[in-house]
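Numbered from 1 within each chain, the chains take letters A, B, ... in sequence-line order. Source: prediction; values computed, not measured. Computed from heavy atoms alone, side chains included, the values below leave out hydrogens, waters and symmetry copies.
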Number of protein chains: 2
Amino acid sequence: MDTPLEKARKDPESMKAKILTFARRLFGEYGFHGTTTRMIAREVGIDISTLHYHWGNKKDLYESVIIDINGDLRQKLREVEKIIHGLPLGKRLDISIDIMTDYLFDHPGISNLILFRYFAKNRYEGNLDFSVPEFTADIAYSMGLSTGKKDVSPEVMMKVIAVMNSMHNFVSGEGFFRPMLKIDRQTYILLVKETLKFIHIPAFTGGGNG
Amino acid sequence: MDTPLEKARKDPESMKAKILTFARRLFGEYGFHGTTTRMIAREVGIDISTLHYHWGNKKDLYESVIIDINGDLRQKLREVEKIIHGLPLGKRLDISIDIMTDYLFDHPGISNLILFRYFAKNRYEGNLDFSVPEFTADIAYSMGLSTGKKDVSPEVMMKVIAVMNSMHNFVSGEGFFRPMLKIDRQTYILLVKETLKFIHIPAFTGGGNG
DNA sequence: GGATAATCCCATCAAATGATTGAATCATAG
DNA sequence: CTATGATTCAATCATTTGATGGGATTATCC
């Protein structure tokens, strides 16, 4: 018995998948309360009742979106982990920043929704999310800041959070920062990578760059 | 002829000021669409009509909150600028991080609302905000990254944004990160300062710490 | 082809939400 | 005290919003 989310993943052309895609974008842009089921339905080009038919209520759809982006992010992090494995720390950071920045700019809903969950409350009951501590610990291990993926210290967790958040910030804040800087998208993405490397690499490599 | 905001500032005991205070907190926690006028009125302990009497419609109140936090932030930044003036860069960063972190933890609505404006869209028309580029340029000058407060390069603006955002992130994200790390508030604040210094000081001082 | 289930839309509902009206209350100057 | 204006609240409105029921349409299986 597949869940609606599993069905959607199996058939990306299905109505379920289409709704999920637009829901991700809109929830990411406007937040949970800022997005109406009618907005989502209108974007997809369907009736609200069709939306409810496929995904139940709004909260269920939202939670499916969250689970979905966590899945995507987990997969991408594993991919990056394989690529950088064994390289020196400076190089690991350099490559991770390049790959993850490109990926997040291509999938802005991920950064948007992650930040929303960090900073905004829902008026309805919030479900606990175990993905963030899991990811954070994994990255700490992958960066060589921890000897294992368990019992990572708060100090190290904070450093990893700082790195990840600065990426999400620039990706999700593009709509605000880019008009402010009056630069085009290509330049902005390049500048984001440069800035991230400028800020983070010295901290973890002791001033050197490799 | 005073605007409602000016009246509220003159008399912090007034109903206008009281409403503004609760509105700041709630808009910061739940965002524009996540906050209802009834939620604000209930917190203040008044009727919705009283709220509308003092502040007009919801959007006007929200914009007053934004102008208000910008004023507070501008004042605090000037204060910090005076304190760190003339010190070496590493020391300037060290002290700025201490003071601003304490200040923002004492006034969490500021970080919350700033981040909301960066990352979330409103369904209603967004008004341009000229405070952010202004503040950013001022900080760039204050950090010695720019020779003047005008014509600050995008590269430098990005670096300043990265520093400010990492502070706002930890302040605004306390409700998410602190339970995750299972540490008390005091420890968290200390850890935030340490992490911010660990990340940012090496980048701007070339590896040294003074 | 015909039965069956899945998918979709029109019409509609109930609750939530932003906002207003008009009457009551309070403060204060004359 | 009393008239005037400022402030507050109860009641109410119009719209938005989440959600559903029932019928139409389409796909699928036998």
Side-chain angles (χ1 to χ4, degrees), chain A residues 1-23 26-27 29-66 120-127, chain B residues 1-8 10-23 26-27 29-65 120-127:
Chain A
M1 189 56 176
D2 285 346
T3 65
L5 185 55
E6 285 163 341
K7 280 188 197 168
R9 279 189 180 139
K10 278 182 187 169
D11 182 4
E13 299 297 315
S14 68
M15 183 55 72
K16 276 188 176 51
K18 225 187 284 184
I19 295 171
L20 196 67
T21 301
F22 283 99
L26 287 170
F27 279 134
E29 288 179 353
Y30 297 92
F32 180 78
H33 293 293
T35 306
T36 68
T37 52
R38 279 171 176 80
M39 281 167 68
I40 300 170
R42 198 187 316 131
E43 290 288 300
V44 181
I46 56 171
D47 190 88
I48 350 163
S49 56
T50 304
L51 186 146
H52 283 101
Y53 168 78
H54 285 287
W55 288 103
N57 64 32
K58 185 184 173 181
K59 207 181 147 199
D60 289 340
L61 173 57
Y62 179 74
E63 283 172 8
S64 293
V65 168
I66 297 295
K121 283 187 190 172
N122 265 10
R123 297 211 305 269
Y124 310 116
E125 279 315 305
N127 53 326
Chain B
M1 192 54 178
D2 285 347
T3 66
L5 185 55
E6 284 163 342
K7 282 188 196 169
K10 279 183 186 168
D11 182 5
E13 298 296 314
S14 67
M15 182 56 72
K16 276 188 176 54
K18 226 187 282 183
I19 295 171
L20 196 68
T21 302
F22 283 99
L26 287 170
F27 279 134
E29 287 178 353
Y30 296 92
F32 181 79
H33 293 293
T35 306
T36 68
T37 53
R38 278 170 176 81
M39 283 168 68
I40 301 170
R42 197 187 314 130
E43 291 286 299
V44 182
I46 56 171
D47 191 88
I48 352 163
S49 54
T50 303
L51 186 147
H52 282 101
Y53 169 77
H54 284 288
W55 289 103
N57 64 34
K58 184 183 175 183
K59 207 182 146 200
D60 290 340
L61 173 56
Y62 179 75
E63 282 172 8
S64 294
V65 168
K121 283 187 189 172
N122 267 9
R123 295 210 307 267
Y124 311 117
E125 278 315 305
N127 53 326

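Side-chain contact between B:Leu61 and B:Leu20 is present, with at least one heavy-atom pair separated by less than 4.5 Å.
The aromatic rings of A:Tyr62 and A:Phe27 sit perpendicular, their planes meeting at an angle over 60°, well past the 30° parallel limit.
Residues forming a salt bridge (charged side-chain N to carboxylate O under 4.0 Å, His left out) with B:Lys16 (at least two apart in sequence, or on another chain): none. Scanning for salt bridge (charged side-chain N to carboxylate O under 4.0 Å, His left out) contacts around A:Lys121 gives B:Glu29, with sequence neighbours left out. With sequence neighbours excluded, no residue forms a ring pair (Phe, Tyr, Trp, His ring centres under 6.0 Å) with A:His52.
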Could you give me the CA-CA distance, side-chain angles and deciding distance for B:Val44 and B:Met15, then say whether side chain to side chain contact (heavy atoms under 4.5 Å, CB included) is met? CA-CA 9 Å; B:Val44 182; B:Met15 182 56 72; 3.9 Å; yes
Any chance you could list the contact pattern along nucleotides 8-23 of chain D? Use B for base contacts, S for sugar-phosphate-only contacts and - for none, protein heavy atoms under 4.0 Å, 5' to 3'. BBB------BBBBB--
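As rounded to whole Å, 11 Å separates atom C1' of C:dG18 from atom CD1 of B:Ile40. For the pair B:Leu51 CG and D:dA6 P, the computed distance is 19 Å after rounding to whole Å. Across the protein-nucleic acid pair, A:Trp55 atom CH2 and C:dT7 atom C1' stand 15 Å apart, rounded to whole Å.
Distance alone, capped at 3.5 Å, is enough to place a donor-acceptor pair between the B:His33 side chain and the B:Arg123 backbone.
If one axis is set at each end of the helix from C:dG1-D:dC30 to C:dG30-D:dC1 from five pairs, those axes are 10° apart, to 10°.
The list of side-chain hydrogen bond (donor to acceptor under 3.5 Å, both in side chains) pairs with a residue in residues 37-50 of chain A, not counting sequence neighbours, reads A:Arg25-A:Glu43, A:Asp47-A:Ser49.
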